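All figures in this text were calculated on a predicted structure; none of them were measured in a lab.
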Amino acid sequence: MAEANWYVVHTYSGYENKVKADIEKTVENRKLHDLILEVAVPLESVTEVRNGAKKEVQKKLFPGYVLINMVMTDDTWYVIRNTRGVTGFVGPGSKPVPLTPAEMASLGIEVNNIVVDFEVGDMVTVTAGVWKDTVGVIKAINQGKQSVTINVDMFGRETPVELNFTEVKKM
């Protein structure tokens, strides 16, 4: 399978979150999880002072743009391009140009591919976060998101939890 890259999509101004929601809904409906991995509207925290009161506000880093981590195929291009509110991909003509790892790093998004030695069915221990020291069985591995899904025992029921590769270790 081809490699996933980050692409920039131009949208109508103010439609960024609507476009993100519509793309995520389409991915869910058409079962494109393995091709369209992540949709992001980059935000930055800004402190505003209004009427003498400081307030922390989230502002869009790039108004009118949405970032998409996806494997470029004719189908994924069509799905994104025909989403309501999308005016097109950033790139010459109709050919989308992926962002380089250096460009992604400057946006604060790290592109690190972690190679893991565990498989579905392996027992792992959680090494960080809320579930630290919890033991679970891997039910799914998502290379695109660099995450695993394990079942943990919560209130006597098995509950799926998604964790980053860096948060688990093989037993």
Side-chain angles (χ1 to χ4, degrees), residues 1 3-9 11 15-49 53-63 65-71 76 79-80 83 98-171:
M1 182 194 285
E3 186 178 323
N5 290 305
W6 284 93
Y7 294 90
V8 180
V9 175
T11 67
Y15 278 68
E16 300 90 348
N17 293 330
K18 176 81 171 112
V19 166
K20 178 183 184 214
D22 287 350
I23 291 171
E24 288 172 344
K25 184 185 266 184
T26 303
V27 167
E28 191 74 32
N29 291 341
R30 294 190 180 192
K31 298 186 180 13
L32 297 172
H33 302 287
D34 54 338
L35 295 175
I36 300 174
L37 308 173
E38 190 175 349
V39 183
V41 178
L43 300 172
E44 65 179 336
S45 293
V46 177
T47 304
E48 290 184 347
V49 178
K54 285 186 179 180
K55 187 177 183 184
E56 195 75 20
V57 180
Q58 296 286 342
K59 295 234 178 189
K60 292 182 181 90
L61 202 53
F62 307 109
Y65 295 94
V66 174
L67 300 177
I68 302 176
N69 188 11
M70 62 186 265
V71 176
T76 57
V79 165
I80 302 301
T83 300
L99 294 173
T100 64
E103 290 169 329
M104 292 307 296
S106 70
L107 296 175
I109 301 173
E110 290 184 29
V111 181
N112 292 337
N113 284 334
I114 301 170
V115 178
V116 292
D117 65 341
F118 36 76
E119 300 173 357
V120 173
D122 286 350
M123 293 286 288
V124 292
T125 304
V126 182
T127 59
V130 179
W131 300 101
K132 186 174 181 172
D133 299 326
T134 304
V135 176
V137 176
I138 296 177
K139 295 297 179 188
I141 299 175
N142 186 332
Q143 286 288 356
K145 282 186 171 180
Q146 301 277 303
S147 67
V148 295
T149 302
I150 66 169
N151 279 351
V152 297
D153 189 43
M154 187 189 311
F155 306 119
R157 288 193 172 159
E158 283 201 347
T159 305
V161 176
E162 187 172 2
L163 301 163
N164 292 328
F165 285 163
T166 58
E167 296 177 321
V168 296
K169 75 174 185 190
K170 193 172 180 178
M171 290 182 68

> Within a radius of less than 6.0 Å around NZ of Lys25, do more than 12 heavy atoms belonging to other residues, nucleotides or ligands occur?
Replying inline: no

> If you look only at pairs with a residue in residues 19-42, which of them pass as a ring-ring contact (aromatic ring centres under 6.0 Å, His included), with sequence neighbours excluded?
Replying inline: none

> Between Leu67 and Leu99, is any pair of side-chain heavy atoms under 4.5 Å apart?
Replying inline: yes

Distance-only donor-acceptor pairs under 3.5 Å for side chains of residues 130-138, two or more places apart:
unit_1, atom_1, unit_2, atom_2, d
Thr134, OG1, Trp131, O, 2.6

> Do Arg30 and Val79 come close enough that some side-chain heavy atom pair is under 4.5 Å?
Replying inline: yes

> Can you list the steps and then say if Thr127 with Glu167 is a side-chain hydrogen bond (donor to acceptor under 3.5 Å, both in side chains)?
Replying inline: CA-CA 5 Å; Thr127 59; Glu167 296 177 321; over 6 Å; no

> Which atoms form the tightest heavy-atom contact between Glu162 and Ser147, and what is the distance?
Replying inline: OE2-OG, 2.7 Å

> Taking C-beta and beyond as the side chain, do Ile150 and Val152 meet within less than 4.5 Å on heavy atoms?
Replying inline: yes

>> Please evaluate residues Ile68 and Ile23 with respect to the criterion side chain to side chain contact (heavy atoms under 4.5 Å, CB included), reporting the C-alpha separation (whole Å), side-chain torsions for both, the decisive distance (0.1 Å), and the verdict.
In response: CA-CA 10 Å; Ile68 302 176; Ile23 291 171; 3.7 Å; yes

> Hey, are the side chains of Leu32 and Leu35 touching, using non-hydrogen atoms and a 4.5 Å cut-off?
Replying inline: yes

>> Measuring only between side-chain heavy atoms, which start at C-beta, is Val168 closer than 4.5 Å to Val148?
In response: yes

> Does Trp6 reach the side chain of Pro98, with side-chain heavy atoms less than 4.5 Å apart?
Replying inline: no

> Mind checking whether Thr76 and Val71 have side chains closer than 4.5 Å, heavy atoms only?
Replying inline: no

>> Minimum heavy-atom separation for Leu43 and Gln58, please, with both atom names.
In response: CB-OE1, 3.5 Å

>> Assess, by modelled atom type and distance only, whether the side chains of Glu38 and Asn69 contain a donor and an acceptor separated by less than 3.5 Å.
In response: no

>> So for atom NZ, which belongs to Lys18, do other residues, nucleotides or ligands contribute more than 12 heavy atoms lying within a distance under 6.0 Å?
In response: no

> Does any N or O in the side chain of Thr149 come within less than 3.5 Å of the main-chain N or O of Pro160, such that one atom is a donor and the other an acceptor?
Replying inline: no

> Do Leu37 and Met70 have side-chain heavy atoms sitting under 4.5 Å apart?
Replying inline: no

>> Between Glu3 and Asn5, does the side chain to side chain contact (heavy atoms under 4.5 Å, CB included) criterion hold? Intermediate values first, please.
In response: CA-CA 6 Å; Glu3 186 178 323; Asn5 290 305; 4.1 Å; yes

>> As an exercise, state the distance from CG of Asp22 to NZ of Lys20, rounded to the nearest 0.5 Å.
In response: 12.0 Å

